[in-house]
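Data block below; observations after.
Letters A, B, ... are given to chains in the order of the sequence lines, protein chains preceding strands, and every chain is numbered from 1.
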Amino acid sequence: MSEATGAMPAPTTLLLETNALTKHFTVGKTIRPGSGQTLRAVEDISITVHKGETLGLVGESGSGKSTLGRCLTRLYDVTSGDIIYEGRNIARLGSSGLKPVRRKIQMIFQDPSASLNPRRRVRDIIGEVLKVHRLRPRGEIEGRLGELMDLVGLRREYLDRFPHEFSGGQRQRIGIARALAVEPELIVADEPVSALDVSVQAQVVNLFADLRERLGLTYVFIAHDLAVVRQVSTRVAVMYLGSIVEIGDTDRLYEKPAHPYTKALISAIPRPIAETHERQRIILEGEIPSPLDPPAGCKFSTRCPYADERCRTERPVLKPLADGRSVACHYPLD
Amino acid sequence: MLLAILQRLAQMVFVMFGISALVFLIFFATPGADPAARIAGRNAAQETVEAIRKDFGFDRPLPVQYARMMTRLFVTQDLTSFVNRGLKVVPQVLSAAPVTLSLVIGAAILWVIGGIFVGVVAALTRDTFIDKGLMVLALIGVSMPVFWFGEVMNLVSQSRFHDTWLFSWVPGLGYKPLLTDPWGWFKTLIIPWFTLAALYIGIYGRVLRATLVEAYQEDFIRTARAKGLSPSRVMLRHALRTSLIPFVTMFGLDFGVLVGGAALLTEVVFGLNGIGRLTYQALLNLDLPMILATVMYASFFVVIANALVDVVYVLIDPRVRAR
Amino acid sequence: EDRAALMAEHRGGTMVLSAVAAAGTIDPMVNYTAEFWQIFQPVYDGLVKFKQASRAEGFVIVPDLAEAIPDATNDGKTYVFTLRKGIKFSNGKEVTPSDVVASFQRIFKINGPTSGSFYNGIVGADACLKEPASCTLEGGVIGDDAAGTVTINLTQPDSEFFAKIAVPHASILPGDTPIEDAGTKAIPGTGAYVIESYDPNEKMVLKRNPEFKEWSVDAQPDGYPDEIVYRFGLTEEAAINAIQNGQVDWLFDPPPADRLEELGTKYADQVHVNPLSAFWYAPMNTNLAPFDNVKVRQAVNYAVDRDALVGLYGGTVLAQPVCQILPPDFPGHEDSCIYTQDPGTEWSAPDMEKAKQLVEESGTKGQKVTVITEDNAVSRAVGTYLQSVLSELGYDASVKAISTNIQFTYIQNTDNKVQISVSQWFMDYPQASNFLNVLLSCASFTPGSDASINIAGYCNKDLDDKMHAAMKLSLTDPDAANAEWAKIDQAFMEQAPLAPLFTPKNVDFVSKRVGNFIFSNQFRWVISQSWVK
Amino acid sequence: MTDTALASQSVTEASPPRAGQSPWRRAARILWRDRPAMVALAVLIAMILACLAAPLYAGHVAGTDPFRSNLGGKIKVEGKRVPIMQPSTEGLGLGVTPIGPTWSAQYLLGADAQGRDVAARLLYGGRNSLFIAGTATLICLVLAAIVGVTAGFLGGVVDMVLSRILDVLWAFPVYLLAISLSIVLLSQGITIGPIEITAGSLALPIGIIGIIYVPYVARPVRGRVLALRNSEFVLAATGLGIPRWRILLSDILPNVMPMLIVYIPLMMALNIVTESALSFLSIGVQAPDASWGTIIQDGQTLLYSRPAVSLAPGISIVITVLALNVLGDGVRDALDPRTKIRGN
Amino acid sequence: MMQTPSPKTPLLDVSGLSVSFATDHGRVKAIDDVSFSVSEGEILAIVGESGSGKTVTLLSILGLNDPRTSFVDGSVTFRGQRILELPDRKMRRIRGKDIALISQDPMTALTPVHTIGWQIAEQIRAHEAISKAAANRRVVELLAEVGFAKPEEAASRYPHQLSGGMRQRAVIAMALSCSPALLVADEPTTALDVTVQAQVLDLLLKLRKDFGSAIVLITHDMGVVAEVADRVNVMYAGRIIERGTKVQVLSDPWHPYTWGLIASIPPLSGPRPERLSAIPGMPPTPETVPPGCGFAPRCRFAHAACNARPPVQREGERAALCVLSGETRAGHRASILEPVREAS
Ligand SMILES: Nc1ncnc2c1ncn2[C@@H]1O[C@H](COP(=O)(O)OP(=O)(O)OP(=O)(O)O)[C@@H](O)[C@H]1O
Ligand SMILES: Nc1ncnc2c1ncn2[C@@H]1O[C@H](COP(=O)(O)OP(=O)(O)OP(=O)(O)O)[C@@H](O)[C@H]1O
Ligand SMILES: [Mg+2]
Ligand SMILES: [Mg+2]
């Protein structure tokens with residue numbers, strides 16, 4: 001499967017790779033065996049993440065972005081497939097085996113207030129991590145806490161405050177500081193700016209860029225705001241109903257989307273600055289199908305304006321295009 | 001659906017087994033409860049006691065006794081009481097059930113209406129004196145021990161003021177069957193209903209008020225008001241309708257245990273020979289077969305009530321209906 | 001005579017009785033409660049019976065199904081009863097000697113509670129007790145259908161024989177009565193009434209027996225009410241209210257203390273107070289510290305203020321202080337009190353000083369003592385009072401009430417290590433042995449058994465022998481025997497295995513309409529002889 | 001302009017009124033401003049103080065022994081010496097009635113059937129009632145927390161088994177347990193580690209009351225833990241490689257606490273009433289010791305002649321429960337993070 | 001896109017509207033002296049960040065603030081009638097019929113226990129005396145109107161059975177059910193995905209065309225404004241700080257906050273800037289709004305004059321609440337917006 005992305009001009013080293021990663025949930029299950037339905041949240045995903053890049057992950061609500069993110073960080077057990085991190089398959093590790101991995105891969109969550117325990121001071125929230133992993137001797141913890149606060153642009157005095165005493169943007173910074181405490185190499189950020197105000201969102205986006213520069217981090221950046229994703233990512237993957245429909249270099253993907261869904265998505269973004277040329281907006285009809293019962297062929301075929309019989313019966317696989325992008329479509333646009 | 005029913009049944013069997021085993025063990029661990037001696041009577045010769053012990057099988061190992069008793073309770077249904085000998089417990093429980101049902105259903109109607117009234121009025125007049133007054137009344141209802149309140153009701157209606165116009169209609173205590181004497185049934189039960197309901201009106205009123213106040217923070221209430229609906233319609237069709245869901249859960253549980261005999265103190269105080277009094281008498285006598293029967297019946301109702309709550313849920317909360 | 005006139009005037013109507021709870025089975029051979037023995041009177045008959053008459057006259061034994069009380073033959077070991085002719089069970093069958101034989105066999109076959117204590121003197125009883133199922137009482141009870149006689153042979157002469165066969169356990173039932181506890185299904189009887197239905201959680205209904213023709217006003221008189229309904233489940237308070245409001249005619253249980261004053265003043269003419277042959281006492285476990293020390297037991301007897309207890313029971317009208325075992329006016333009773341301020345015939349006041357001194361001497365001060373009472377108002381009050389006295393005597397005393405129905409068996413079992421408890425004894429029949437022998441003989445003490453009526457666990461071989469002698473003596477000379485019993489009573493009291501507290505009186509509160517209230521000392525109110533019209 | 005965002009960041013913080021204020025402090029502050037809750041607290045404290053002062057009252061004010069029967073005693077009322085237990089003199093002379101309220105320090109509320117001072121007993125009884133209710137509440141909450149947290153946190157089979165056990169407990173006839181236990185204890189006593197429970201020990205009603213309401217609290221606790229277990233901050237902690245036990249201690253438990261605290265007044269109230277019901281069935285506090293429940297029960301036998309005896313503890317219960325509930329409402333509001341805006 | 005309609009008598013005129021709330025910290029002003037008007041058939045967008053008072057403004061127009069905790073000042077005139085002073089009964093007749101609300105979160109805006117058909121019919125029948133059947137027929141028409149493929153079936157669905165976009169369309173159908181002259185939409189697309197947002201915005205435009213309703217559209221998304229609005233009001237910290245037509249505000253913004261807002265949006269085409277131009281600091285809460293210019297603490301160009309209440313700069317319909325004017329304004333603006341403009 002790695003051929004799918006193998007054609008990418010990959011200047012840097014491979015950090016993380018997934019191989020046919022699949023995650024199913026069972027919903028409506030009761031004690032009797034055989035009950036419940038399988039919800040295919042993430043299906044057969046093969047991607048690569050290279051050191052130092054930012055892979056943007058976009059898609060509509062429910063398309064499986066968070067689930068994929070949580071599988072990558074091994075917060076969820078995967079149903080099948082591999083996650084190869086620095087050459088080691090981490091998909092089946094148990095909690096003890098995961099311990100070193102946890103230090104390398106970190107997650108940042110969408111809702112900064114929900115991801116911080118409201119009953120603990122910032123000092124404890126971040127300090128606990130340092131203690132548990134014995135990252136610093138006792139005496140140096142205080143200094144390290146200060147450093148981390150500086151790093152994310154918060155005052156050191158705030159260490160003694162509780163999460164509810166911060167604004168949303170500040171809380172997100174605390175979440176970032178906590179993730180940085182373990183000195184990770186890869187950060188999976190799950191919609192880190194969606195809950196923030198427009199004027200604050202830019203601050204945090206900038207912070208991410210700064211940190212990447214300063215600390216040489218690699219990001220998987222999940223968002224549904226395509227403008228933000230474009231701003232931060234070097235490559236972008238578009239998800240639809242648990243699968244990746246298109247993945248490739250950011251600028252090329254935004255300029256010339258190859259998948260009809262990507263195209264519709266990009267055309268639907270309202271543009272604040274008056275457009276010079278009249279944009280052709282594609283308004284998709286219908287609703288996103290249920291992941292409990294996805295369409296048989298191409299998952300997008302139910303809403304795709306170009307869908308034909310083949311699309312409805314045969315599921316397209318992610319195929320590389322000439323320009324290094326990959327797209328899962330029988331009839332990629334050009 | 002069938003599977004769901006089976007699952008309920010499995011649950012019921014588990015709960016019933018757990019309870020019956022517990023009851024059984026407790027009974028045999030209790031000193032002074034030797035059924036043989038008590039069946040033999042006071043001043044009985046040792047031979048008599050031994051003969052009875054053998055006759056009733058009390059000399060067998062406990063699991064055998066348990067199995068025998070459960071068979072007689074559920075299969076042959078001829079289990080008889082240790083105290084009122086020859087009294088078959090199953091028909092006894094069945095004949096006591098209508099009394100308890102009459103008491104509990106009547107009280108339930110009262111407390112549902114009363115609870116809704118108190119909750120709605122208090123929520124509508126939130127933070128005013130009416131609200132506070134109602135909440136204090138509700139608390140008084142909650143904090144009065146029911147046996148005491150019952151006795152006071154008797155004192156007032158049967159003795160002190162029985163000769164006045166206020167209570168001269170009150171008939172003597174005891175149950176009158178609904179079918180043969182509906183008016184007498186009503187008259188004898190009205191005070192017990194009220195007594196039992198007082199506690200629950202308090203609880204339900206308070207809970208409902210809290211959920212209503214919470215519901216009023218919800219967006220959909222704002223939508224309803226923005227639609228130009230009258231306040232009463234907003235309250236009844238939107239706020240109350242959604243707030244009834246926790247109300248129904250509580251109701252199901254309480255109703256279940258009450259029908260199962262938890263109203264025993266009320267029944268005792270008002271001389272109603274229902275499940276509760278049956279349980280109470282059986283407990284005082286440590287009459288194992290009767291205790292087993294009433295307890296099995298009670299756990300049956302608790303589980304049934306749980307199941308019913310689920311059904312009602314589906315009726316009032318379409319969200320559960322999904323899938 | 002005027003009974004006929006009264007009958008004509010007052011016959012009919014429904015009488016409503018009430019009790020807090022039913023008393024179990026209605027098999028007359030099994031049930032052993034005052035509550036149902038009373039209601040069995042107009043339903044069942046024995047060969048002989050206690051007279052249905054007022055006060056002490058109720059102790060008199062009269063012929064019932066037998067034509068007369070036979071004289072003993074064969075050294076007092078054989079009695080031959082001749083049955084009256086024409087008496088029918090309520091199922092229409094005539095009473096025959098074989099019914100009598102079957103009835104006596106049935107006592108054993110169903111393990112009747114007194115089979116081993118009342119009827120073990122009949123020839124063949126031993127075998128029956130061992131193998132109840134195949135009981136024949138061969139040579140013990142012999143019926144002769146042709147002659148209409150029944151012969152009963154005893155292994156030994158028994159002065160209490162007639163009393164024992166006059167109680168409901170020796171009721172004569174149809175020969176084909178099933179050999180099992182009848183439970184809630186009434187067995188046909190010969191009395192004026194039949195039990196038509198019985199539901200222990202609801203009511204018992206008595207109707208006139210269609211087959212009944214009065215043969216002896218003394219033993220089985222015709223009754224006034226057409227129907228008697230016995231309701232179960234009303235609390236005492238509720239029943240009192242119901243009687244006051246005319247909804248119920250009588251309640252079995254003693255009225256609660258807080259209603260007494262009201263009853264005694266506002267309803268004085270509906271209240272009947274009568275003495276009972278019974279006593280409240282505190283058995284002390286003579287095998288357990290501190291009561292294994294006679295001084296401690298005596299100290300308790302000295303210290304108890306029986307006046308206070310009388311007050312707890314409802315005042316001087318309702319109870320009388322006692323400090324001996326046999327109740328006043330009971331055969332064998334002789335006024336005497338050794339545990340009082342100045343010992344003599346009567347109790348006057350507690351002697352706390354003496355009591356404290358005795359405790360001091362015993363060296364048991366400070367020990368833990370628990371008083372076990374029944375969980376009802378009076379018993380609890382008495383226990384609480386005893387606890388108070390024991391603490392004053394220097395013990396670390398506490399009181400514990402347990403369910404009324406369990407307490408009685410609980411305190412009997414030595415395994416439960418009960419030190420002192422509150423209990424009562426009501427006589428079965430008017431014989432001193434029914435108190436002294438039953439409550440204090442060695443035979444009544446079985447360690448580790450729930451059926452060990454000698455609660456004090458007191459076994460005195462010497463006194464045991466004296467009791468046997470007295471029982472023998474009463475066959476020939478009842479008066480001398482009674483004098484002997486009085487001495488035994490006193491001898492027991494010197495050892496003080498128990499502390500007699502008071503003799504209660506019976507309070508009957510009836511509705512306005514109840515007339516002709518007759519109280520028999522044996523089975524209390526004679527229900528069928530009162531009218532409601 | 002690279003660093004302006006970060007640099008000028010701190011200058012303009014909308015700084016909160018008091019920095020570093022813990023959620024508990026915040027709650028305390030809100031509660032402090034809640035006038036009804038404070039009045040209720042004052043009432044409760046007064047009640048507790050009065051009960052603690054019971055020996056003082058009995059010894060020095062009333063001068064009566066609340067635990068000794070005083071059936072033959074006499075006291076001075078309005079200059080006359082009258083017996084405490086007054087035998088009826090009219091009619092048939094049936095019955096003996098204890099003296100009623102005297103409006104003097106001695107026998108202020110009259111005597112009970114043993115001739116003891118009801119007012120003094122009321123105070124002593126309050127000690128037991130409050131102690132039993134308080135301890136039982138504690139036990140109940142601790143047990144419920146353990147069961148609920150275990151079930152919710154471990155889930156799976158453990159959860160299922162624990163939930164069914166809670167069902168059994170819920171449907172179990174408590175009074176049977178109580179009656180039997182009290183009899184078992186009477187002869188044997190139960191030794192659980194260092195605790196020995198004997199008959200008449202307060203541990204019995206405390207234990208029973210403590211256990212029977214466990215399902216009542218454990219179920220919602222379980223639900224809360226279940227929600228917490230899937231919350232983002234627990235997920236975040238997992239992702240940081242923090243061990244599960246540490247997550248339980250530092251993330252789950254502290255967040256279950258407010259819920260448990262909200263239950264305290266509620267359970268206290270419920271327990272006081274339950275204690276009285278148990279005492280009504282003679283399974284609570286053993287005579288001569290008193291609790292409000294036992295006094296009500298004593299008074300029950302005097303309801304028709306001396307209603308004050310049962311009314312007094314009844315009213316005490318109502319006042320306490322009322323105060324506890326008002327306080328409980330206050331605590332609930334104070335701990336609710338949404339309580340920011342309240343009209344006055 | 002339509003031209004701004006000629007200013008006739010406005011349909012809705014809000015002037016000097018102030019709302020304050022009673023809170024723990026005393027009274028705080030959530031919105032301060034807000035004035036705007038809407039003419040028939042016009043779409044007025046109010047932009048502002050979270051907490052700037054958008055929702056409060058809109059609720060005040062409908063008179064839906066809780067009278068116990070809020071104090072409303074100023075006047076709201078609808079079709080020449082002052083509606084704030086109207087008695088509740090009369091106000092109810094306007095709500096839903098003349099002014100309809102589309103709320104922020106379609107997930108919570110519908111009562112979960114009634115079908116959407118029922119809820120829409122309820123509104124119709126609240127204002128018009130028509131039969132149930134007729135109301136139901138209207139419901140189906142309306143649902144078809146807002147783009148439901150199977151309107152009959154949709155009418156019998158419960159809210160939870162619909163996706164977010166469908167719910168929002170149902171809410172819109174409900175708002176339209178009495179053909180209101182004015183629709184107030186509180187962030188109708190914020191909770192939706194872009195593709196669904198596009199559907200909904202399309203729908204709003206179509207409705208304006210078909211029904212001629214005026215719309216007050218609240219949003220924080222400049223893109224949405226650009227897409228549908230005729231005129232724009234920018235709100236910050238409870239005040240309207242800038243107003244004008246869409247083109248004026250977007251291409252010639254006057255207020256530094258508006259500049260920051262526009263600059264902080266990442267561009268969708270052209271080269272990507274290294275960093276975004278962010279507004280430093282956080283939006284204030286009502287308690288922390290400074291007395292003078294609300295934006296001053298975050299404003300790079302703030303000086304002493306900003307400590308007083310800034311003057312209103314006006315140019316016809318165009319206005320801004322800032323001390324900056326003319327030359328200085330253009331210069332400052334260039335320093336913020338130029339890098340962005342260049343980039344795109
Ligand atoms: N723990 C879970 N149990 C069952 N189903 C789940 C669970 N988590 C996610 N899902 C389902 O998996 C699918 C993908 O969800 P996911 O949260 O990954 O989507 P997303 O792209 O992150 O959406 P959003 O933009 O709303 O965050 C959804 O249909 C969701 O309902
Ligand atoms: N009932 C109330 N009592 C006290 N303060 C309130 C109340 N309602 C709103 N506020 C405050 O008024 C301010 C404005 O709130 P509003 O809801 O209008 O903001 P908004 O612009 O709609 O924000 P969002 O984009 O988050 O919806 C907020 O700071 C809020 O805390
Ligand atoms: Mg997500
Ligand atoms: Mg808003």
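- Note: C:R231 leads C:R231, C:Q244, C:E262 in heavy-atom pairs under 4.5 Å with chain B.
- Proximity of C:F36 to C:F252: side-chain heavy atoms (C-beta onward) are nowhere separated by under 4.5 Å.
- Of the atoms belonging to C:Y198, it is side-chain heavy atoms, and not backbone ones, that fall under 4.5 Å from chain B.
- At distances below 3.5 Å, at least one donor-acceptor pair connects side-chain atoms of C:D181 with backbone N or O atoms of C:G183.
- The backbone N or O of C:I122 lies less than 3.5 Å from no partner atom in the side chain of C:T155, so there is not a single donor-acceptor pair.
- Among C:I240, C:L234, C:N245, the residue making the largest number of heavy-atom pairs under 4.5 Å with chain B is C:N245.
- Between chain B and the residues C:T184, C:V438, C:I26, C:V20, the largest count of heavy-atom pairs under 4.5 Å involves C:T184.
- The aromatic ring centroids of C:F435 and C:Y281 lie 6.0 Å or more from each other.
- Contact of the C:V205 side chain with the C:Y230 side chain is not registered, since no non-hydrogen atoms from C-beta on lie closer than 4.5 Å.
- With a 4.5 angstrom heavy-atom cutoff, C:D27 does not touch chain B via any of its atoms.
- Options C:A242, C:S449, C:S452 differ in how many heavy-atom pairs under 4.5 Å they form with chain B, and the most are formed by C:S449.
- Your options are B:Q281, B:K88, B:E50, B:Q92, and the one with the most heavy-atom pairs under 4.5 Å with chain C is B:Q92.
- If you tally non-hydrogen atom pairs under 4.5 Å between each of C:G233, C:G116, C:S117 and chain B, the highest count goes to C:G233.
- For C:V248, no part sits under 4.5 Å from any heavy atom of chain B, backbone or side chain.
- Both the backbone and the side chain of C:A238 come within less than 4.5 Å of a heavy atom in chain B.
- Aromatic rings of C:F118 and C:Y429 (six-membered ring for Trp) have centroids within the 6.0 Å cut-off, being under it.
- A donor-acceptor pair under 3.5 Å is absent between the side-chain atoms of C:Q270 and the main chain of C:L263, judged by distance alone.
- B:S95 touches chain C through its side chain: at least one heavy atom from C-beta onward sits under 4.5 Å away, while N, CA, C and O do not.
- For C:A23, the part lying under 4.5 angstrom from a heavy atom of chain B is the backbone only.
- Using a 4.0 Å cut-off between charged nitrogen and carboxylate oxygen, C:R259 and C:E237 count as a salt-bridge pair.
- Between C:D249 and C:K512 there is no salt bridge, since none of the side-chain N atoms of the basic residue sits less than 4.0 Å from a carboxylate O of the acidic one.
- Heavy-atom distances place both the backbone and the side chain of C:N201 under 4.5 Å from chain B.
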